[in-house]
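Okay, so here's the structure we're looking at.
Just so it is clear: chains get the letters A, B, ... in the order the sequence lines come, proteins before strands, and each one is counted from 1.
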There are 2 protein chains.
Amino acid sequence: MTIKELAKIAGLNHSTVSRSLNDSPLISDETKQRVLKLAEEYNFELNASARGMRTKKTGTIGVIFPVIRDRYRDMQYLGSLMNTLRYTIEEEQYDSIITMPVNPKTGKSNIRKLIQQHKVDGLLLVIKELDKEDQDILGESGIPFVSLHFKWQGGYQEDTNYVYPDNFRGGYLAAECLLKAGCRNLITLTEPGGLYEFEERSRGYLAAQTERGLTAGSEQIFYGETGFDFGYNFIMEHQSMLNSIDGIFAQADMNAIGVIEALKELDIRVSEDIAVVGYDDIDIDYFFKPRLTTIHQPREQYTEIACRKLIEMIDSKEQTEIIQKVIEPDLLIRESCVI
Amino acid sequence: MTIKELAKIAGLNHSTVSRSLNDSPLISDETKQRVLKLAEEYNFELNASARGMRTKKTGTIGVIFPVIRDRYRDMQYLGSLMNTLRYTIEEEQYDSIITMPVNPKTGKSNIRKLIQQHKVDGLLLVIKELDKEDQDILGESGIPFVSLHFKWQGGYQEDTNYVYPDNFRGGYLAAECLLKAGCRNLITLTEPGGLYEFEERSRGYLAAQTERGLTAGSEQIFYGETGFDFGYNFIMEHQSMLNSIDGIFAQADMNAIGVIEALKELDIRVSEDIAVVGYDDIDIDYFFKPRLTTIHQPREQYTEIACRKLIEMIDSKEQTEIIQKVIEPDLLIRESCVI
DNA sequence: CCTCTCCATGCAAACGTGTGCATTATCAGT
DNA sequence: ACTGATAATGCACACGTTTGCATGGAGAGG
């Protein structure tokens with residue numbers, strides 16, 4: 001059923017029906033109501049393709065999301081982030097196409113595809129980095145987009161909207177918590193590869209110590225994949241070190257849980273002998289004991305901010321105010337490190 | 001950039017360009033190559049809306065997914081199911097719009113919306129049940145769809161394609177494993193509400209016992225929300241019962257993990273004193289000890305089958321063979337119940 | 001009663017593709 | 001050289017909307 005058929009039923013021209021459905025002020029309330037009622041009755045919906053061709057609007061938002069690897073923090077943390085995003089977008093009456101930066105089979109950029117095919121009205125970028133090519137396409141196309149969660153690495157584009165958490169502050173809070181709990185010999189477990197997210201956490205972690213007059217340096221930082229295994233294996237393989245430390249900042253909860261499980265197996269008291277602070281506040285923390293003290297990633301805040309901003313950009317024709325926010329994370333004191 | 005502009009650059013009519021891009025046999029290889037090269041050079045992509053209007057094809061697949069509740073099995077199991085689906089669809093060069101059956105804000109059917117607005121070429125349904133209204137729309141529209149994971153409840157439509165796991169068999173395997181491990185007094189923890197999925201597991205669980213001449217009945221079945229808490233609390237609140245049972249079939253891994261954690265706290269030896277078998281085989285099983293013996297949901301198989309089938313239906317113009325499969329799950333013997 | 005406004009509706013073009021049909025070019029067979 | 005077949009390309013319309021403009025009708029003011 002098309003708008004013309006509906007118009008025939010209503011005894012109106014299809015343009016009048018179109019305007020009615022789009023709540024145009026040109027149409028009298030009376031006919032507007034009549035059209036809406038008929039549309040309801042016949043279960044009529046406007047064809048999205050035709051609409052999109054005319055209006056250049058698709059009613060869908062593209063979400064570029066990293067590939068989620070099982071067994072790492074990704075599934076737990078990014079999975080919940082993705083759900084939050086989906087629900088927020090749904091609430092705003094948009095559909096979402098969630099995809100990864102590059103199609104694994106063709107090796108082609110999904111960002112480019114979504115933009116050039118005009119499949120989406122805007123993009124939410126949840127990615128660590130962005131090719132030069134993709135940056136160019138974003139810039140040239142002028143499509144609205146907001147970067148969230150990861151620090152925006154887009155280079156030259158200064159008017160980009162982004163919102164991400166303050167990882168320095170998170171690292172600082174974690175170390176501070178350990179210090180306040182009485183720890184004096186800290187180590188941290190983090191991800192290698194110079195990832196901004198983790199480097200910042202380490203910087204904050206060091207800063208909290210030096211600020212208090214403690215010596216702190218790279219010899220306290222250990223690198224591995226931020227999953228359960230690295231945490232568990234690290235403890236098992238560094239048992240001789242455990243006498244000389246009293247606090248561990250594991251820069252991902254998944255990691256911290258592995259650490260704690262290993263400590264438990266070695267009959268080392270978590271919190272009393274060695275305090276542990278994690279990062280992320282993932283749901284499954286709930287299942288492990290002692291309950292993990294951790295840094296809560298303010299995901300509700302930045303997904304909310306990013307979605308609303310993107311939709312504002314899509315809806316308003318003029319340039320909107322640029323938002324570039326860095327959100328403070330919170331310390332959640334539970335059982336693995338108590339002040 | 002439109003196809004006409006590209007045609008002008010190529011010195012051709014836009015129809016020739018169109019045919020070239022769609023690899024029509026009408027066009028000589030020479031010009032075809034030339035056009036493809038130009039398209040590459042100018043980063044040209046066909047406009048999806050215009051294309052969709054003409055061809056009635058959108059290149060995107062709709063996935064109707066239940067709302068994922070945190071802290072229950074949903075996040076773990078359905079989350080990984082969703083990822084598997086996304087990747088399979090991506091491999092086939094389709095985009096996916098993942099959404100829930102009903103928009104929580106408007107209360108309107110998303111199935112209807114996606115179909116009537118012609119936003120998708122086909123649907124993957126991962127839902128327990130389907131309104132009469134949605135059933136009608138699926139039937140009338142003739143849109144290709146495949147139901148997966150949940151038993152198809154669509155009522156009258158007998159030619160529906162579906163694929164779901166054999167829950168009876170899963171329940172049977174779980175109980176059989178407990179019995180083979182020497183258990184004679186079993187209970188099961190399951191979800192209330194007469195959900196087919198769980199009822200079948202209970203039926204299989206009972207059948208495995210009666211087949212071996214054991215008396216088994218509803219007094220062995222306990223109901224609660226299949227999360228960690230129900231498992232944990234159930235054990236804590238039924239300590240007096242624990243002497244008289246030696247095997248527990250928890251019908252969701254999340255649930256089984258709660259049970260095991262409680263048993264550990266009560267210093268009851270898992271496997272030796274009370275054996276535990278779960279259901280799902282979720283990723284986080286890996287983090288808990290003793291390692292959980294469980295039923296593996298054959299998700300890789302049925303997502304693969306469902307996706308390929310749906311795309312076959314979308315691509316072929318004629319009626320395709322109907323598939324209605326029930327997939328056998330596997331028993332994974334780990335540590336919480338060993339034969 | 002006539003003209004001028006204003007309000008509501010109709011008309012027709014346009015968006016970017018795909019495709020049936022017409023047209024032109026090429027080539028083989030006589 | 002002419003005809004006919006075949007291959008390659010161009011032309012024009014259609015898909016279902018939205019929207020600028022034209023049109024018609026009602027009411028107000030003179």
K113(A) (side chain) donor-acceptor with E45(B) (main chain) under 3.5 angstrom: no
Any side-chain heavy-atom pair of T16(B) and V35(B) under 4.5 Å: no
Residue pairs fulfilling salt bridge (Lys or Arg N to Asp or Glu O under 4.0 Å) with at least one residue in residues 48-66 of chain A, sequence neighbours excluded: none
Contact state string [nucleotides 22-27 of chain C, B base, S sugar-phosphate only, - no protein heavy atom under 4.0 Å]: ------
Result of checking I115(B), L123(B), I111(B) against S141(B) for side-chain contact (heavy atoms from CB on, under 4.5 Å): I115(B)
Min side-chain heavy-atom separation M100(B)-Y87(A) under 4.5 Å: yes
Which atom of K119(B) lies closest to which atom of T58(B), heavy atoms considered: O-OG1, 3.4 Å
With sequence neighbours excluded, residues passing side chain to side chain donor-acceptor pair (under 3.5 Å) with Q93(A): N103(B)
Short side-chain donor-acceptor distance under 3.5 Å, S15(B) and N13(B): yes
Check ion pair E40(A)-K37(A) (N to O, under 4.0 angstrom): no
Close residues, residues 27-43 of chain A, relative to DNA chain C [heavy-atom separation under 4.0 Å]: I27(A), S28(A), T31(A)
Derivation of the side-chain hydrogen bond (donor to acceptor under 3.5 Å, both in side chains) call for Q319(A) and D159(A): CA-CA 11 Å; Q319(A) 194 71 9; D159(A) 56 348; 4.7 Å; no
Sequence-aligned protein contact record of nucleotides 13-22 of chain D, with B where the base is within under 4.0 Å of a protein heavy atom and S where only the sugar-phosphate is: -BBBBBBB--
Bend angle of the helix from dC1(C)-dG30(D) to dT30(C)-dA1(D), end axes from five pairs each (to 10°): 50°
K325(B) vs Y302(B) side-chain heavy atoms within contact, under 4.5 Å: no
Residue that, paired with Y94(A), satisfies side-chain contact (heavy atoms from CB on, under 4.5 Å) out of D121(A), T60(A), V120(A), L310(A): D121(A)
